[in-house]
A.B. asks: 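This is the structure I want to talk about, given as structure tokens.
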Number of protein chains: 2
Amino acid sequence: MLTQALIRDRVSRFPTRCKNAGLKVTHQRTAVYGMLAASESHPSPEEVYSQIRQNLPTVSLATVYKILDLFHKYGFLRKVSTEGQVARYDANVDPHHHAICTQCGTIKDIFQESDARIALAQPEVSDFTITHCDVIYHGLCKGCQSRSRQKKG
Amino acid sequence: MLTQALIRDRVSRFPTRCKNAGLKVTHQRTAVYGMLAASESHPSPEEVYSQIRQNLPTVSLATVYKILDLFHKYGFLRKVSTEGQVARYDANVDPHHHAICTQCGTIKDIFQESDARIALAQPEVSDFTITHCDVIYHGLCKGCQSRSRQKKG
DNA sequence: GTGGCTGCAAAGCTTTTGCATGTTC
DNA sequence: GAACATGCAAAAGCTTTGCAGCCAC
């Protein structure tokens, strides 16, 4: 669960992490990271952009793209694997899985110890050196379930 | 492993599957399915297009997109979840996982019984009705490993 | 002060759409 | 022959790029 304390913790570490990586701490970067650190909805670049624009009206979408890409490269963010939808980012880089709604695209974090242990173990894959693993469950979220029930009934 | 017998089997079932689904059996559809059924490389739409164009020079890329989307909807094909690269398709819809090379994008099928059993089981996810699950391993393929070793050494 | 970062505008790719024409059943 | 599929061209995303000016350090 995402608590206020956890958000504060992530955000407070951000400047140091940037410095350690040799990255400058700009308003735009702080805003992007802060927005994602406080979010559980796995926002798209467009969503990050329109959110941070409220406090930083001159920011550009291209910059948001550049920042997201950079943070992903440096491991500050995780990119959720989807079947071809727009990019979605997650500031929670601790091992966990995702459930994606086939209908509305909602992404929910899944923390399941039994699954995690196996899926995050590095399997014996011939000819491949595994660095990390994504587990993505596809299905219908509660909202879309009740919506489709209404249509039928 | 993809044997000639398995390819023949898939291709021979194709017309019946179309009819059962109420889909017309056209040259374009047969070519797209045949190409994917005989492939282990998880081709992109563009790759399917340029391949089948050799025997069907008038086919259009838009048609390939429409066919791939249709086949995916009807469950003839699986779409591989990627972190935002181009779409990749797989005619093997039996349960299995994928390993994707971070550097060159090569996708390899993974058949691991212990993993499969767990990842394909439907977990207890509150507020979600799970229909299927993707497990994607990320890492370096053999080729890219030796290439990066050469650079260093 | 300098190197790195941002904003802008433009381009690049992938994918989708609308419609007239052609094909399957 | 009717319904459905295709091909074309155009548009619609999403994402990247190049470069002049700006800002963090």
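FYI, side chains are in, hydrogens and waters are out, and symmetry mates aren't considered; it's all heavy atoms of this structure. Lettering of chains follows the sequences in order, A, B, ..., and the numbering in each one begins at 1. Every value quoted in this text rests on a predicted model; they were computed, and no experiment measured them.
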A.B. asks: Under the side chain to side chain donor-acceptor pair (under 3.5 Å) test, which residues partner B/Thr82, sequence neighbours left out?
C.D. replies: none
A.B. asks: Once side chain to side chain donor-acceptor pair (under 3.5 Å) is applied, do any residues pair with A/Ser39, and if so which ones, sequence neighbours excluded?
C.D. replies: A/Ser41
A.B. asks: Polar-atom pairs under 3.5 Å, protein N or O versus N or O of nucleotides 10-15 of chain D: list them with distances, or write none.
C.D. replies:
unit_1	atom_1	unit_2	atom_2	d
D/dT15	OP1	A/Ala87	N	3.3
D/dT15	OP2	A/Tyr65	OH	2.4
D/dT15	O5'	A/Tyr65	OH	3.4

A.B. asks: Looking at residues 47-54 of chain B, who's got a heavy atom less than 4.0 Å off DNA chain C?
C.D. replies: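 When residues 47-54 of chain B is checked for heavy atoms under 4.0 Å from DNA chain C, there are no hits whatsoever.
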A.B. asks: Please round to the nearest 0.5 Å and tell me the distance separating atom CG of B/Leu140 and atom OG1 of A/Thr129.
C.D. replies: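 Taking CG in B/Leu140 and OG1 in A/Thr129, the distance rounds to 6.0 Å.
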A.B. asks: OP1, OP2 of D/dG7 versus side-chain N and O of B/Thr63: anything below 4.0 Å?
C.D. replies: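 Checking B/Thr63 against D/dG7: at least one side-chain N or O falls below 4.0 Å of OP1 or OP2.
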A.B. asks: Evaluate the ring planes of B/Tyr33 and B/Phe14, with Trp represented by its six-membered ring, and classify them as parallel (under 30°), tilted (30 to 60°) or perpendicular (over 60°).
C.D. replies: parallel
A.B. asks: Is there a donor-acceptor pair under 3.5 Å between the side chain of B/Arg88 and the backbone N or O of B/Pro45?
C.D. replies: no
A.B. asks: For A/Arg13, which residues count as a salt bridge (charged side-chain N to carboxylate O under 4.0 Å, His left out) partner, sequence neighbours excluded?
C.D. replies: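 A/Arg13: salt bridge (charged side-chain N to carboxylate O under 4.0 Å, His left out) contacts with A/Asp9.
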A.B. asks: Measuring from atom CD1 of B/Ile52 to atom CZ of B/Arg29, what distance do you get when rounded to the nearest 0.5 angstrom?
C.D. replies: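 Between B/Ile52 CD1 and B/Arg29 CZ, I get 12.0 Å after rounding to 0.5 Å.
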A.B. asks: Between the protein and nucleotides 17-20 of chain D, list the N/O to N/O atom pairs that are separated by less than 3.5 angstrom.
C.D. replies:
unit_1	atom_1	unit_2	atom_2	d
D/dG18	O6	A/Lys66	NZ	3.0

A.B. asks: Could you note down all residue pairs passing ring pair (Phe, Tyr, Trp, His ring centres under 6.0 Å) where residues 40-67 of chain B supplies at least one of them, sequence neighbours left out?
C.D. replies: B/His42-B/His98
A.B. asks: Which residues pass the side chain to side chain donor-acceptor pair (under 3.5 Å) test with A/His138, sequence neighbours left out?
C.D. replies: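 Side chain to side chain donor-acceptor pair (under 3.5 Å) check on A/His138 returns B/Asp134.
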A.B. asks: Using a cut-off of strictly less than 4.0 Å between a heavy atom of the residue and any atom of DNA chain C, enumerate the qualifying residues of residues 68-82 of chain A by number.
C.D. replies: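 Nothing qualifies; none.
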A.B. asks: Determine, for A/Tyr74 and A/Arg17, whether the Lys NZ or Arg CZ falls below 6.0 Å from the six-membered ring centre while staying within 45 degrees of the axis.
C.D. replies: no
A.B. asks: Give me the residues of residues 10-42 of chain A where at least one heavy atom lies under 4.0 Å from an atom of DNA chain D, by number, or none.
C.D. replies: A/Lys24, A/Val25, A/His27
A.B. asks: Who are the salt bridge (charged side-chain N to carboxylate O under 4.0 Å, His left out) partners of A/Lys142, not counting sequence neighbours?
C.D. replies: B/Asp127
A.B. asks: According to salt bridge (Lys or Arg N to Asp or Glu O under 4.0 Å), does anything in residues 31-48 of chain A pair up with another residue at least two apart or in another chain? List the pairs.
C.D. replies: none
A.B. asks: C/dG7 phosphate, OP1 or OP2: any side-chain N/O from A/Thr58 under 4.0 angstrom?
C.D. replies: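 So the side-chain polar atoms of A/Thr58 do come within 4.0 Å of the phosphate oxygens OP1 or OP2 of C/dG7, strictly under.
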A.B. asks: Please classify the nucleic acid contact of A/Ser44 as base, sugar-phosphate, or nothing, using heavy-atom distances under 4.0 Å.
C.D. replies: nothing
A.B. asks: Checking A/Thr63 side chain against A/Val59 main chain: does a donor-acceptor pair fall under 3.5 Å?
C.D. replies: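 Not at all, since once roles are kept as given, no pair shorter than 3.5 Å links the two residues.
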